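Remarks on the structure that follows.
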Amino acid sequence: MAIQRLFIANRGEIAVRIVRAAQSLGLHSIQAHSEADADMLAVRLADEAVCIGPAPSKESYLNIDAILKAARESGADAIHPGYGFLSENPAFAREVEQAGMIFVGPSADTIERMGDKVAARQAAQAAGVPVVPGSDGRVDGIERALAVAKEVGFPVMIKAAAGGGGRGIRIAKTADELRILAPQAKAEAEAAFGDGGLYVERAILSPRHIEVQILGDGTSAIHCYERECSLQRRRQKVWEEAGAVCLDDETRDALCASAVALAKSVNYRGAGTLEYLYDEASNEFYFIEMNTRIQVEHPVTEMVTGIDLVAEMIKVSGGSKLSVTQAEIAKTGHAIEVRICAEDPFANFMPWPGQVKTLKEPTGDGVRFDHFLSEGYQIPPFYDSLLGKVIVHAPTRDMAIDKLVDALNEMKIEGTKTTIPLHLALAADRDVRAGTFHTQWLEPWLEAENLTTKGDAA
(Lines give C-alpha, C1' and ligand atoms only; values in the text may rest on other atoms or scores of the structure.)
Protein backbone atom coordinates (compact mmCIF):
# COMPACT_ATOMS: atom_id res chain seq x y z
CA MET A 1 0.00 0.00 0.00
CA ALA A 2 1.18 3.51 -0.83
CA ILE A 3 0.45 4.80 2.69
CA GLN A 4 2.94 4.14 5.48
CA ARG A 5 3.00 7.39 7.45
CA LEU A 6 -0.49 8.77 8.13
CA PHE A 7 -1.02 12.37 9.27
CA ILE A 8 -4.29 12.89 11.16
CA ALA A 9 -5.65 16.43 10.67
CA ASN A 10 -8.45 16.32 13.21
CA ARG A 11 -9.12 16.05 16.92
CA GLY A 12 -11.34 14.41 19.51
CA GLU A 13 -12.82 10.94 19.30
CA ILE A 14 -12.44 10.58 15.54
CA ALA A 15 -8.70 11.25 15.85
CA VAL A 16 -8.43 8.39 18.35
CA ARG A 17 -10.44 6.19 16.01
CA ILE A 18 -8.11 6.94 13.08
CA VAL A 19 -4.97 6.37 15.19
CA ARG A 20 -6.25 2.94 16.16
CA ALA A 21 -7.19 2.06 12.58
CA ALA A 22 -3.72 3.12 11.40
CA GLN A 23 -2.07 1.01 14.07
CA SER A 24 -4.21 -2.01 13.11
CA LEU A 25 -2.79 -1.65 9.58
CA GLY A 26 0.79 -1.32 10.84
CA LEU A 27 1.06 2.34 9.79
CA HIS A 28 2.98 5.11 11.54
CA SER A 29 0.45 7.60 12.94
CA ILE A 30 1.21 11.33 13.21
CA GLN A 31 -1.36 13.28 15.21
CA ALA A 32 -1.86 17.01 14.60
CA HIS A 33 -3.06 19.07 17.53
CA SER A 34 -3.70 22.66 18.57
CA GLU A 35 -2.10 24.18 21.64
CA ALA A 36 -5.35 23.50 23.52
CA ASP A 37 -5.31 19.80 22.59
CA ALA A 38 -1.77 18.89 23.63
CA ASP A 39 -3.13 16.59 26.35
CA MET A 40 -5.88 14.79 24.43
CA LEU A 41 -5.88 11.00 24.17
CA ALA A 42 -5.05 10.85 20.44
CA VAL A 43 -1.79 12.72 21.09
CA ARG A 44 -0.81 10.13 23.69
CA LEU A 45 -1.74 7.14 21.53
CA ALA A 46 -0.18 8.24 18.23
CA ASP A 47 3.36 7.29 17.28
CA GLU A 48 4.16 10.97 16.85
CA ALA A 49 2.40 14.31 17.46
CA VAL A 50 2.91 17.83 16.15
CA CYS A 51 1.39 21.16 17.17
CA ILE A 52 -0.17 23.01 14.24
CA GLY A 53 -1.21 26.26 15.93
CA PRO A 54 -3.16 28.08 18.65
CA ALA A 55 -6.51 26.95 20.05
CA PRO A 56 -8.89 28.69 17.60
CA SER A 57 -9.83 26.31 14.77
CA LYS A 58 -9.09 28.88 12.06
CA GLU A 59 -5.48 29.03 13.31
CA SER A 60 -5.02 25.26 13.61
CA TYR A 61 -7.47 22.63 12.31
CA LEU A 62 -8.73 24.92 9.55
CA ASN A 63 -5.28 26.33 8.69
CA ILE A 64 -4.40 24.54 5.45
CA ASP A 65 -0.90 26.02 5.23
CA ALA A 66 -0.02 25.00 8.80
CA ILE A 67 -1.35 21.46 8.27
CA LEU A 68 0.52 20.93 5.00
CA LYS A 69 3.75 22.32 6.47
CA ALA A 70 3.52 20.02 9.50
CA ALA A 71 2.64 17.01 7.34
CA ARG A 72 5.55 17.60 4.97
CA GLU A 73 8.04 18.13 7.81
CA SER A 74 6.88 14.94 9.54
CA GLY A 75 7.43 12.90 6.37
CA ALA A 76 3.76 11.96 6.00
CA ASP A 77 2.66 10.37 2.76
CA ALA A 78 -1.07 10.73 3.45
CA ILE A 79 -3.49 12.93 5.39
CA HIS A 80 -6.74 11.73 6.95
CA PRO A 81 -9.18 14.63 7.52
CA GLY A 82 -11.65 12.80 9.79
CA TYR A 83 -15.06 14.52 9.81
CA GLY A 84 -15.87 18.22 10.09
CA PHE A 85 -13.15 20.85 9.71
CA LEU A 86 -11.52 20.35 6.26
CA SER A 87 -12.90 16.88 5.52
CA GLU A 88 -15.19 18.07 2.70
CA ASN A 89 -13.08 20.98 1.46
CA PRO A 90 -12.07 20.35 -2.18
CA ALA A 91 -9.36 23.04 -2.06
CA PHE A 92 -7.69 21.21 0.83
CA ALA A 93 -7.88 17.86 -0.98
CA ARG A 94 -6.28 19.42 -4.05
CA GLU A 95 -3.48 21.03 -2.06
CA VAL A 96 -2.74 17.74 -0.29
CA GLU A 97 -2.37 16.02 -3.66
CA GLN A 98 -0.37 18.89 -5.14
CA ALA A 99 2.00 18.59 -2.17
CA GLY A 100 2.68 14.99 -3.19
CA MET A 101 0.59 13.35 -0.47
CA ILE A 102 -2.54 11.19 -0.55
CA PHE A 103 -5.84 12.60 0.63
CA VAL A 104 -7.71 9.84 2.48
CA GLY A 105 -11.07 10.30 0.85
CA PRO A 106 -12.53 10.92 -2.59
CA SER A 107 -10.95 13.12 -5.23
CA ALA A 108 -11.26 16.90 -4.97
CA ASP A 109 -13.52 16.86 -8.03
CA THR A 110 -15.88 14.36 -6.39
CA ILE A 111 -15.97 16.35 -3.14
CA GLU A 112 -16.73 19.50 -5.11
CA ARG A 113 -19.46 17.88 -7.15
CA MET A 114 -21.17 16.01 -4.32
CA GLY A 115 -20.58 18.74 -1.72
CA ASP A 116 -22.73 21.16 -3.70
CA LYS A 117 -26.24 19.92 -2.99
CA VAL A 118 -27.56 21.09 -6.35
CA ALA A 119 -24.81 19.29 -8.28
CA ALA A 120 -25.29 16.20 -6.08
CA ARG A 121 -29.02 16.27 -6.78
CA GLN A 122 -28.34 16.43 -10.53
CA ALA A 123 -25.86 13.54 -10.25
CA ALA A 124 -28.46 11.51 -8.38
CA GLN A 125 -31.09 12.15 -11.05
CA ALA A 126 -28.62 11.11 -13.75
CA ALA A 127 -27.99 7.86 -11.87
CA GLY A 128 -31.73 7.17 -11.63
CA VAL A 129 -31.94 7.92 -7.89
CA PRO A 130 -35.23 9.55 -6.78
CA VAL A 131 -34.96 13.10 -5.45
CA VAL A 132 -37.42 15.39 -3.69
CA PRO A 133 -39.37 17.47 -6.27
CA GLY A 134 -37.84 20.93 -6.49
CA SER A 135 -35.71 23.34 -8.50
CA ASP A 136 -33.50 21.94 -11.24
CA GLY A 137 -30.60 23.99 -9.93
CA ARG A 138 -29.90 27.04 -7.83
CA VAL A 139 -32.71 29.57 -7.76
CA ASP A 140 -31.81 33.04 -8.94
CA GLY A 141 -33.91 35.43 -6.90
CA ILE A 142 -37.19 35.35 -5.01
CA GLU A 143 -39.43 35.25 -8.09
CA ARG A 144 -37.82 32.08 -9.36
CA ALA A 145 -38.10 30.54 -5.88
CA LEU A 146 -41.79 31.44 -5.79
CA ALA A 147 -42.34 29.87 -9.21
CA VAL A 148 -40.72 26.61 -8.08
CA ALA A 149 -42.77 26.62 -4.88
CA LYS A 150 -45.97 27.08 -6.85
CA GLU A 151 -44.98 24.20 -9.13
CA VAL A 152 -44.12 21.65 -6.41
CA GLY A 153 -46.61 22.91 -3.81
CA PHE A 154 -46.22 24.40 -0.34
CA PRO A 155 -44.76 23.86 2.17
CA VAL A 156 -41.27 24.09 0.67
CA MET A 157 -37.79 23.87 2.10
CA ILE A 158 -35.28 26.59 1.20
CA LYS A 159 -31.81 25.08 1.45
CA ALA A 160 -28.22 26.24 1.15
CA ALA A 161 -26.53 24.72 -1.89
CA ALA A 162 -23.24 24.40 0.00
CA GLY A 163 -22.34 23.15 3.46
CA GLY A 164 -24.40 21.12 5.90
CA GLY A 165 -25.13 20.69 9.59
CA GLY A 166 -28.63 22.15 9.25
CA ARG A 167 -27.43 25.67 8.44
CA GLY A 168 -29.06 27.78 5.74
CA ILE A 169 -32.35 25.89 5.88
CA ARG A 170 -35.84 27.35 6.29
CA ILE A 171 -39.36 25.94 5.78
CA ALA A 172 -41.93 28.23 4.16
CA LYS A 173 -45.62 27.38 4.30
CA THR A 174 -46.79 30.32 2.16
CA ALA A 175 -45.49 32.70 -0.48
CA ASP A 176 -45.27 35.50 2.09
CA GLU A 177 -43.15 33.32 4.38
CA LEU A 178 -40.88 32.40 1.48
CA ARG A 179 -40.24 36.10 0.73
CA ILE A 180 -39.14 36.60 4.34
CA LEU A 181 -37.23 33.36 4.93
CA ALA A 182 -35.25 33.05 1.67
CA PRO A 183 -33.06 36.11 2.42
CA GLN A 184 -32.47 34.74 5.93
CA ALA A 185 -31.32 31.40 4.55
CA LYS A 186 -29.08 33.15 2.01
CA ALA A 187 -27.43 35.31 4.71
CA GLU A 188 -26.88 32.32 7.00
CA ALA A 189 -25.38 30.27 4.16
CA GLU A 190 -23.04 33.09 3.18
CA ALA A 191 -21.85 33.46 6.78
CA ALA A 192 -21.37 29.73 7.34
CA PHE A 193 -20.01 28.57 3.98
CA GLY A 194 -19.06 31.69 2.02
CA ASP A 195 -21.69 30.66 -0.53
CA GLY A 196 -25.22 32.08 -0.42
CA GLY A 197 -26.59 29.89 -3.19
CA LEU A 198 -30.02 28.38 -2.52
CA TYR A 199 -32.36 25.82 -4.00
CA VAL A 200 -35.97 24.98 -3.24
CA GLU A 201 -37.64 21.61 -2.78
CA ARG A 202 -40.94 20.30 -1.47
CA ALA A 203 -40.94 19.88 2.31
CA ILE A 204 -41.62 16.26 3.22
CA LEU A 205 -43.50 16.55 6.51
CA SER A 206 -42.54 14.24 9.38
CA PRO A 207 -40.12 12.10 7.35
CA ARG A 208 -37.65 9.59 8.67
CA HIS A 209 -33.96 10.21 8.03
CA ILE A 210 -32.32 7.14 6.49
CA GLU A 211 -28.76 6.93 5.20
CA VAL A 212 -26.73 4.30 3.39
CA GLN A 213 -23.06 3.63 4.07
CA ILE A 214 -21.06 3.02 0.91
CA LEU A 215 -17.43 2.13 0.19
CA GLY A 216 -15.71 2.63 -3.14
CA ASP A 217 -12.24 2.14 -4.59
CA GLY A 218 -12.67 4.49 -7.55
CA THR A 219 -13.99 1.73 -9.80
CA SER A 220 -16.20 -0.57 -7.77
CA ALA A 221 -18.62 0.36 -4.99
CA ILE A 222 -20.59 -1.56 -2.37
CA HIS A 223 -23.02 -0.71 0.42
CA CYS A 224 -22.88 -1.69 4.08
CA TYR A 225 -26.62 -1.34 4.61
CA GLU A 226 -28.56 1.51 6.13
CA ARG A 227 -28.80 3.56 9.32
CA GLU A 228 -31.68 5.57 10.78
CA CYS A 229 -30.89 9.00 12.25
CA SER A 230 -34.37 10.48 12.77
CA LEU A 231 -33.92 11.55 16.40
CA GLN A 232 -32.55 15.05 15.84
CA ARG A 233 -32.39 18.33 17.72
CA ARG A 234 -31.96 21.46 15.60
CA ARG A 235 -31.21 19.16 12.66
CA GLN A 236 -28.30 17.62 14.59
CA LYS A 237 -28.41 13.85 15.12
CA VAL A 238 -28.39 12.65 18.73
CA TRP A 239 -29.30 8.93 18.46
CA GLU A 240 -28.51 6.65 15.50
CA GLU A 241 -29.35 3.05 14.66
CA ALA A 242 -28.44 0.29 12.22
CA GLY A 243 -30.62 -0.83 10.62
CA ALA A 244 -33.82 1.07 10.00
CA VAL A 245 -36.70 -1.01 11.38
CA CYS A 246 -39.27 1.07 9.46
CA LEU A 247 -38.14 -0.36 6.10
CA ASP A 248 -39.40 -3.55 4.52
CA ASP A 249 -36.88 -5.74 2.72
CA GLU A 250 -37.91 -4.64 -0.77
CA THR A 251 -37.58 -0.93 0.07
CA ARG A 252 -34.27 -1.53 1.85
CA ASP A 253 -32.88 -3.34 -1.19
CA ALA A 254 -33.98 -0.55 -3.54
CA LEU A 255 -32.57 2.14 -1.24
CA CYS A 256 -29.16 0.47 -0.92
CA ALA A 257 -29.01 -0.31 -4.65
CA SER A 258 -29.67 3.36 -5.47
CA ALA A 259 -26.79 4.42 -3.21
CA VAL A 260 -24.39 2.05 -4.93
CA ALA A 261 -25.54 3.25 -8.36
CA LEU A 262 -24.80 6.86 -7.44
CA ALA A 263 -21.41 5.99 -5.89
CA LYS A 264 -20.39 4.09 -9.02
CA SER A 265 -21.57 6.90 -11.30
CA VAL A 266 -19.13 9.35 -9.67
CA ASN A 267 -16.27 6.81 -9.40
CA TYR A 268 -16.32 7.17 -5.63
CA ARG A 269 -13.21 6.36 -3.56
CA GLY A 270 -13.30 5.98 0.21
CA ALA A 271 -16.14 5.84 2.72
CA GLY A 272 -19.23 7.92 2.03
CA THR A 273 -22.84 8.26 3.07
CA LEU A 274 -25.94 8.85 0.96
CA GLU A 275 -28.69 10.55 2.96
CA TYR A 276 -32.40 10.13 2.21
CA LEU A 277 -35.77 11.23 3.48
CA TYR A 278 -38.22 8.36 3.82
CA ASP A 279 -41.96 9.02 3.69
CA GLU A 280 -43.41 6.17 5.72
CA ALA A 281 -47.00 6.87 4.63
CA SER A 282 -46.24 6.46 0.91
CA ASN A 283 -43.24 4.10 1.34
CA GLU A 284 -41.15 6.41 -0.86
CA PHE A 285 -37.57 7.56 -0.36
CA TYR A 286 -35.79 10.61 -1.76
CA PHE A 287 -32.06 11.38 -1.98
CA ILE A 288 -31.12 14.64 -0.24
CA GLU A 289 -27.31 14.78 -0.05
CA MET A 290 -24.03 12.90 0.09
CA ASN A 291 -21.39 13.19 2.80
CA THR A 292 -18.00 12.54 1.23
CA ARG A 293 -16.28 11.51 4.47
CA ILE A 294 -16.55 9.16 7.42
CA GLN A 295 -19.65 9.89 9.52
CA VAL A 296 -19.91 10.36 13.29
CA GLU A 297 -22.35 7.43 13.34
CA HIS A 298 -20.20 4.97 11.38
CA PRO A 299 -19.67 2.63 14.40
CA VAL A 300 -23.24 1.26 14.27
CA THR A 301 -22.55 0.02 10.75
CA GLU A 302 -19.27 -1.52 11.90
CA MET A 303 -21.11 -3.30 14.72
CA VAL A 304 -23.70 -4.95 12.46
CA THR A 305 -21.35 -5.80 9.56
CA GLY A 306 -17.98 -6.38 11.26
CA ILE A 307 -16.25 -4.14 8.68
CA ASP A 308 -13.64 -1.61 9.84
CA LEU A 309 -14.79 1.33 7.72
CA VAL A 310 -11.90 3.62 8.68
CA ALA A 311 -9.26 1.01 7.87
CA GLU A 312 -11.01 0.23 4.59
CA MET A 313 -11.05 3.88 3.51
CA ILE A 314 -7.34 4.17 4.30
CA LYS A 315 -6.58 1.08 2.23
CA VAL A 316 -8.54 2.12 -0.85
CA SER A 317 -7.04 5.63 -0.69
CA GLY A 318 -3.65 3.95 -0.68
CA GLY A 319 -4.44 2.20 -3.97
CA SER A 320 -5.93 -1.08 -2.79
CA LYS A 321 -9.11 -2.56 -4.19
CA LEU A 322 -12.06 -3.14 -1.88
CA SER A 323 -11.26 -6.09 0.36
CA VAL A 324 -14.86 -7.37 0.43
CA THR A 325 -17.54 -7.96 -2.18
CA GLN A 326 -21.22 -7.12 -1.78
CA ALA A 327 -22.04 -10.80 -1.39
CA GLU A 328 -19.63 -11.10 1.53
CA ILE A 329 -21.29 -8.35 3.58
CA ALA A 330 -23.81 -9.72 6.05
CA LYS A 331 -25.81 -7.76 8.60
CA THR A 332 -26.45 -9.24 12.05
CA GLY A 333 -28.51 -7.91 14.93
CA HIS A 334 -29.18 -4.27 15.74
CA ALA A 335 -26.86 -1.47 16.88
CA ILE A 336 -27.55 1.90 18.53
CA GLU A 337 -25.22 4.85 19.04
CA VAL A 338 -25.84 7.86 21.28
CA ARG A 339 -23.71 10.99 21.30
CA ILE A 340 -22.33 11.98 24.70
CA CYS A 341 -21.78 15.74 24.71
CA ALA A 342 -20.44 18.11 27.37
CA GLU A 343 -23.76 19.92 27.67
CA ASP A 344 -26.38 20.41 30.36
CA PRO A 345 -29.59 18.91 28.95
CA PHE A 346 -31.60 20.51 31.78
CA ALA A 347 -30.39 24.02 30.87
CA ASN A 348 -31.19 24.12 27.13
CA PHE A 349 -28.08 22.06 26.34
CA MET A 350 -25.64 24.73 27.48
CA PRO A 351 -22.01 23.72 26.76
CA TRP A 352 -20.16 22.61 29.88
CA PRO A 353 -16.40 22.31 29.26
CA GLY A 354 -15.33 21.12 32.71
CA GLN A 355 -12.53 18.88 33.89
CA VAL A 356 -12.96 15.11 33.84
CA LYS A 357 -12.48 14.11 37.48
CA THR A 358 -13.69 10.52 37.22
CA LEU A 359 -14.01 8.37 34.11
CA LYS A 360 -15.62 4.95 34.17
CA GLU A 361 -16.22 3.35 30.79
CA PRO A 362 -19.12 0.97 30.13
CA THR A 363 -18.13 -2.68 29.72
CA GLY A 364 -19.53 -5.92 28.38
CA ASP A 365 -19.94 -7.80 25.12
CA GLY A 366 -21.40 -5.68 22.35
CA VAL A 367 -20.59 -2.41 24.13
CA ARG A 368 -18.20 0.18 22.72
CA PHE A 369 -17.26 3.68 23.90
CA ASP A 370 -15.42 5.80 21.32
CA HIS A 371 -13.94 8.84 23.10
CA PHE A 372 -10.82 10.93 23.69
CA LEU A 373 -10.99 11.42 27.47
CA SER A 374 -8.86 10.58 30.48
CA GLU A 375 -9.12 11.42 34.17
CA GLY A 376 -7.85 14.93 34.83
CA TYR A 377 -8.48 16.02 31.22
CA GLN A 378 -9.67 19.61 30.85
CA ILE A 379 -12.29 19.80 28.12
CA PRO A 380 -11.37 22.80 25.92
CA PRO A 381 -14.10 25.36 25.28
CA PHE A 382 -13.05 26.06 21.71
CA TYR A 383 -14.57 23.13 19.83
CA ASP A 384 -17.65 20.97 19.37
CA SER A 385 -19.03 19.60 22.64
CA LEU A 386 -18.92 15.92 21.55
CA LEU A 387 -17.00 13.85 24.12
CA GLY A 388 -17.68 10.42 22.71
CA LYS A 389 -20.23 7.87 21.60
CA VAL A 390 -21.70 4.88 23.37
CA ILE A 391 -22.46 2.11 20.88
CA VAL A 392 -24.25 -1.14 21.68
CA HIS A 393 -25.01 -4.24 19.61
CA ALA A 394 -27.54 -6.97 20.37
CA PRO A 395 -29.63 -9.57 18.50
CA THR A 396 -32.77 -7.38 18.52
CA ARG A 397 -33.61 -3.68 18.82
CA ASP A 398 -35.33 -4.14 22.19
CA MET A 399 -32.30 -5.95 23.54
CA ALA A 400 -30.03 -3.20 22.17
CA ILE A 401 -32.03 -0.51 24.00
CA ASP A 402 -31.82 -2.55 27.23
CA LYS A 403 -28.08 -2.90 26.76
CA LEU A 404 -27.79 0.83 26.11
CA VAL A 405 -29.56 1.63 29.38
CA ASP A 406 -27.22 -0.68 31.28
CA ALA A 407 -24.16 0.89 29.63
CA LEU A 408 -25.29 4.46 30.34
CA ASN A 409 -26.06 3.63 33.98
CA GLU A 410 -22.67 1.95 34.38
CA MET A 411 -20.54 4.74 32.89
CA LYS A 412 -19.45 7.82 34.84
CA ILE A 413 -17.99 11.10 33.60
CA GLU A 414 -17.70 13.31 36.68
CA GLY A 415 -16.60 16.93 36.56
CA THR A 416 -18.82 18.01 33.68
CA LYS A 417 -22.46 17.89 32.68
CA THR A 418 -23.30 15.42 29.92
CA THR A 419 -26.24 14.38 27.75
CA ILE A 420 -26.49 10.94 29.39
CA PRO A 421 -29.85 11.89 31.06
CA LEU A 422 -31.30 12.71 27.64
CA HIS A 423 -30.51 9.25 26.32
CA LEU A 424 -31.81 7.47 29.41
CA ALA A 425 -35.07 9.41 29.09
CA LEU A 426 -35.33 8.60 25.37
CA ALA A 427 -34.67 4.92 26.04
CA ALA A 428 -37.58 4.93 28.53
CA ASP A 429 -40.00 6.62 26.12
CA ARG A 430 -42.84 4.55 24.66
CA ASP A 431 -42.51 6.01 21.14
CA VAL A 432 -38.75 5.46 21.03
CA ARG A 433 -39.21 1.89 22.24
CA ALA A 434 -41.82 1.31 19.53
CA GLY A 435 -39.72 3.02 16.85
CA THR A 436 -42.54 5.44 16.03
CA PHE A 437 -40.69 8.73 15.60
CA HIS A 438 -39.52 11.02 12.80
CA THR A 439 -37.20 13.98 12.25
CA GLN A 440 -39.60 16.48 13.86
CA TRP A 441 -40.39 14.28 16.88
CA LEU A 442 -37.65 15.20 19.38
CA GLU A 443 -38.02 18.97 19.68
CA PRO A 444 -41.74 18.93 20.66
CA TRP A 445 -40.89 16.09 23.07
CA LEU A 446 -38.29 18.32 24.72
CA GLU A 447 -40.65 21.31 24.77
CA ALA A 448 -43.20 19.16 26.60
CA GLU A 449 -40.60 18.70 29.38
CA ASN A 450 -40.38 14.96 28.94
CA LEU A 451 -36.67 15.13 29.64
CA THR A 452 -37.15 17.00 32.94
CA THR A 453 -39.82 14.60 34.13
CA LYS A 454 -38.07 11.39 33.13
CA GLY A 455 -34.65 12.72 34.04
CA ASP A 456 -35.75 13.61 37.58
CA ALA A 457 -37.49 10.26 37.95
CA ALA A 458 -34.34 8.43 36.92
Side-chain angles (χ1 to χ4, degrees), residues 11-16 34 36-37 39-41 55-57 83-84 165-167 192 229-241 296-297 299 336-362 367-392 401 404-429 431-432 437 439-458:
R11 63 175 305 279
E13 66 87 16
I14 191 59
V16 173
S34 70
D37 276 335
D39 195 39
M40 71 175 175
L41 183 58
S57 299
Y83 56 67
R167 298 190 189 98
C229 310
S230 296
L231 287 172
Q232 301 177 13
R233 175 179 173 268
R234 296 180 178 176
R235 298 192 177 90
Q236 299 291 316
K237 303 164 188 173
V238 300
W239 168 306
E240 298 112 348
E241 308 190 27
V296 177
E297 58 270 25
I336 299 173
E337 171 186 293
V338 296
R339 303 189 188 196
I340 309 300
C341 298
E343 299 172 357
D344 185 353
F346 300 109
N348 199 30
F349 296 88
M350 184 192 317
W352 200 277
Q355 185 178 43
V356 179
K357 296 179 179 177
T358 302
L359 177 65
K360 182 184 179 185
E361 299 187 35
V367 178
R368 171 173 159 183
F369 182 36
D370 284 17
H371 68 95
F372 67 108
L373 306 175
S374 57
E375 291 189 352
Y377 178 70
Q378 178 62 51
I379 301 163
F382 309 102
Y383 313 111
D384 185 271
S385 61
L386 182 67
L387 299 177
K389 296 128 38 173
V390 175
I391 309 104
V392 296
I401 295 176
L404 175 66
V405 171
D406 290 342
L408 293 173
N409 282 323
E410 179 186 1
M411 73 182 297
K412 284 185 174 60
I413 305 175
E414 295 179 352
T416 183
K417 304 283 188 181
T418 75
T419 50
I420 290 174
L422 167 67
H423 300 304
L424 285 170
L426 287 172
D429 185 87
D431 286 345
V432 174
F437 47 75
T439 57
Q440 276 90 55
W441 182 91
L442 181 55
E443 289 184 0
W445 182 90
L446 289 167
E447 290 167 5
E449 298 188 347
N450 286 285
L451 172 59
T452 302
T453 303
K454 290 184 173 67
D456 288 346

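For reference, positions follow the sequence shown, starting with 1. Please read these numbers as outputs of a predicted model, since none were measured by experiment.
- Here the side chains of L359 and I413 are in contact, with some heavy-atom distance below 4.5 Å.
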Criterion side-chain contact (heavy atoms from CB on, under 4.5 Å) on S57 and F382, from CA distance to verdict: CA-CA 8 Å; S57 299; F382 309 102; 5.9 Å; no

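- Atom CD of residue E443 and atom CZ of residue R235 lie 8.0 Å apart, to the nearest 0.5 angstrom.
- Within the 4.5 Å cutoff, side-chain heavy atoms of V405 are placed close to those of L424.
- Scanning for salt bridge (charged side-chain N to carboxylate O under 4.0 Å, His left out) contacts around E337 gives an empty result, with sequence neighbours left out.
- Across all non-hydrogen atoms, the minimal contact from Q355 to Q378 is CB-OE1, 3.4 Å.
- Between M411 and the choices T418, D406, V390, V367, the side-chain contact (heavy atoms from CB on, under 4.5 Å) rule is met once, by V390.
- Across every non-hydrogen atom of Y83 and L386, the tightest pair is OH-CD2, 3.4 Å.
- Atoms CD and CG, from E447 and N450 in turn, are 11.0 Å apart once rounded to the nearest 0.5 Å.
- Contact of the V338 side chain with the T419 side chain is not registered, since no non-hydrogen atoms from C-beta on lie closer than 4.5 Å.
- Considering CD of E13 and NZ of K389, their distance stands at 3.0 Å, rounded to 0.5 Å.
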Sequence neighbours left out, cut at 3.5 Å: what donor-acceptor pairs do the side chains of residues 339-348 make with other protein atoms?
{"residue": "R339", "atom": "NE", "partner": "K237", "partner atom": "O", "Å": "3.3"}
{"residue": "R339", "atom": "NE", "partner": "E240", "partner atom": "OE2", "Å": "2.8"}
{"residue": "R339", "atom": "NH2", "partner": "E240", "partner atom": "OE2", "Å": "2.6"}
{"residue": "R339", "atom": "NH2", "partner": "E297", "partner atom": "OE1", "Å": "3.1"}
{"residue": "E343", "atom": "OE2", "partner": "S385", "partner atom": "OG", "Å": "2.6"}
{"residue": "D344", "atom": "OD1", "partner": "F346", "partner atom": "N", "Å": "3.0"}

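- Using a 4.5 Å cut-off on side-chain heavy atoms (C-beta onward), T416 and I379 make contact.
- Relative ring orientation between F372 and Y377 is described as perpendicular, the plane-to-plane angle rising above 60° on a 0-90° scale split at 30° and 60°.
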Derivation and outcome, side-chain contact (heavy atoms from CB on, under 4.5 Å), residues V432 and W239: CA-CA 10 Å; V432 174; W239 168 306; 3.9 Å; yes

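- Interatomic distance, I401 CD1 to E241 CD, rounded to the nearest 0.5 Å: 6.5 Å.
- Contact annotation: the side chain of L41 approaches that of H371 to within less than 4.5 Å [non-hydrogen atoms, C-beta and beyond].
- Between Q232 and T439, the closest heavy-atom pair is NE2-CG2, 4.0 Å.
- Minimum interatomic distance between V356 and L373 (heavy atoms only, all atoms of both residues): CG2-CD2, 4.3 Å.
- Side-chain contact between D37 and Y383 is present, with at least one heavy-atom pair separated by less than 4.5 Å.
- L422 has its side chain within reach of F349: a pair of non-hydrogen atoms, C-beta onward, lies under 4.5 Å apart.
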Intermediate values then yes/no, side-chain contact (heavy atoms from CB on, under 4.5 Å), F437 and L426: CA-CA 11 Å; F437 47 75; L426 287 172; over 6 Å; no

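- For the residue pair L408 and H423, the shortest heavy atom distance occurs at CD1-CB, 3.6 Å.
- Separation of atoms CG (N409) and CD1 (I420) is listed at 9.0 Å; rounding is to 0.5 Å.
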